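Taking it in order: structure first as structure tokens, then the write-up.
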Amino acid sequence: MNVAFLGLGTMGKPMAANLLRAAHTVAVWNRSPGPAAELATLGATVSDSPAKATHDAKVLITMVADDASTEAVLIDGGALDALAKGALVINMATISVELADALAERCAEAGLAYIAAPVLGRVNVAEAGL
């Protein structure tokens, strides 16, 4: 499956690595290039923008810090606009209810499915793929 993973910090990088180990095609983007370059050694395609990472994705997973970062990546970075109808957006950031509702509405209008799935920062769990 073609997956785009945006946000490769403490939690995102091991999650994206697990998708690669499970033989998914994964395009990655991160504000700083180091984590993306590390995932390239596992087979990830490194993109230079959120929109480019999501261009062929059937599933988009975001793991960024907060409301401002989520809006910067999904809206300002063009990630949502680059997705084809029918794609699934999974937002794993801890964001406000208001932004989650706005994203769900925007996705519905664009023919995208949206799941708010905030996670706790337990790196050992992410690394283990649990």
Side-chain angles (χ1 to χ4, degrees):
M1 177 179 300
N2 288 349
V3 178
F5 207 109
L6 310 178
L8 304 171
T10 305
M11 295 295 290
K13 189 173 93 175
M15 290 176 173
N18 285 328
L19 290 169
L20 289 160
R21 288 185 194 102
H24 294 286
T25 301
V26 182
V28 297
W29 174 87
N30 197 60
R31 281 180 258 190
S32 58
E38 290 177 44
L39 289 170
T41 66
L42 298 176
T45 300
V46 178
S47 300
D48 63 2
S49 73
K52 286 184 184 173
T54 62
H55 181 68
D56 291 324
K58 300 291 184 205
V59 176
L60 164 59
I61 302 171
T62 59
M63 178 56 98
V64 297
D66 53 24
D67 281 23
S69 298
T70 299
E71 287 183 289
V73 169
L74 292 178
I75 298 167
D76 302 336
L80 290 182
D81 291 337
L83 289 168
K85 286 186 180 185
L88 172 63
V89 177
I90 303 171
N91 182 15
M92 300 182 109
T94 301
I95 61 171
S96 67
V97 172
E98 293 80 16
L99 180 57
D101 288 344
L103 290 172
E105 183 176 324
R106 184 177 179 132
C107 286
E109 290 170 358
L112 307 170
Y114 177 81
I115 297 174
V119 299
L120 297 174
R122 296 203 37 213
V123 178
N124 62 326
V125 174
E127 289 173 343
L130 303 174

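None of the values given here were measured: they were computed from a predicted structure.
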Taking all non-hydrogen atoms of both residues into account, name the closest pair between Leu39 and Ala16 and its distance.
CD1-CB, 3.7 Å
Closest heavy-atom contact between Ala27 and Ser47?
CB-OG, 4.2 Å
How far does CG of Asp81 sit from CG of Leu74, to the nearest 0.5 angstrom?
10.0 Å
Which pair of non-hydrogen atoms, one from Thr94 and one from Pro118, has the smallest distance, and what is that distance?
OG1-CB, 4.0 Å
Are Met15 and Val73 connected in a single hydrophobic cluster, I mean Ile/Leu/Val/Met/Phe/Trp/Tyr linked by side-chain heavy atoms less than 4.5 Å apart?
no
Got Leu83 and Leu60 here, is their nearest side-chain heavy-atom distance under 4.5 Å?
yes
With rounding to the nearest 0.5 angstrom, report the CD1 to CD1 distance, Ile115 to Ile90.
5.0 Å
Just verifying a value: how many Å separate Asp101 CG and Ile95 CD1, rounded to the nearest 0.5 Å?
9.0 Å
Closest approach of Gly77 and Pro50, non-hydrogen atoms and distance?
O-CB, 3.8 Å
From CZ (Arg106) to CG (Leu112), nearest 0.5 Å
10.0 Å
In the single-linkage hydrophobic clustering (I, L, V, M, F, W, Y; side-chain heavy atoms under 4.5 Å), do Met11 and Phe5 co-cluster?
yes
Distance-only, no hydrogens or angles: does the Asn30 side chain make a donor-acceptor pair with backbone N or O of Leu8 under 3.5 Å?
yes
Hey, are Asp66 and Ser69 close enough side-chain-wise for a donor-acceptor pair under 3.5 Å?
yes
Heavy-atom side-chain proximity of His24 to Val59 below 4.5 angstrom:
no
Residues Arg31, Val64; criterion side-chain contact (heavy atoms from CB on, under 4.5 Å); working and verdict:
CA-CA 10 Å; Arg31 281 180 258 190; Val64 297; 4.3 Å; yes
Please check if Val89 and Val119 belong to a single hydrophobic cluster, counting links between Ile, Leu, Val, Met, Phe, Trp and Tyr side chain heavy atoms closer than 4.5 Å.
no
Applying a strict under-4.5 Å side-chain criterion to I, L, V, M, F, W and Y, I'd like to know whether Trp29 and Ile61 cluster together.
no
Going from CE on Met92 to CG on Leu6, what distance comes out if it is rounded to the nearest 0.5 angstrom?
12.5 Å
Grouping I, L, V, M, F, W and Y whenever their side-chain heavy atoms are under 4.5 Å apart, do Val46 and Leu19 come out in a common cluster?
yes
Between Ala93 and Asn91 the two heavy atoms that sit nearest each other are N-OD1, 3.1 Å
Looking only at heavy atoms, what is the nearest atom pair of Lys85 and Ala110, with distance?
CG-O, 3.4 Å
Drop me the distance from Met63's CE to Thr70's OG1, to the nearest 0.5 angstrom.
10.5 Å
Determine yes or no for a side-chain-to-main-chain donor-acceptor pair under 3.5 angstrom, with Thr54 supplying the side chain and Ala57 the backbone.
no
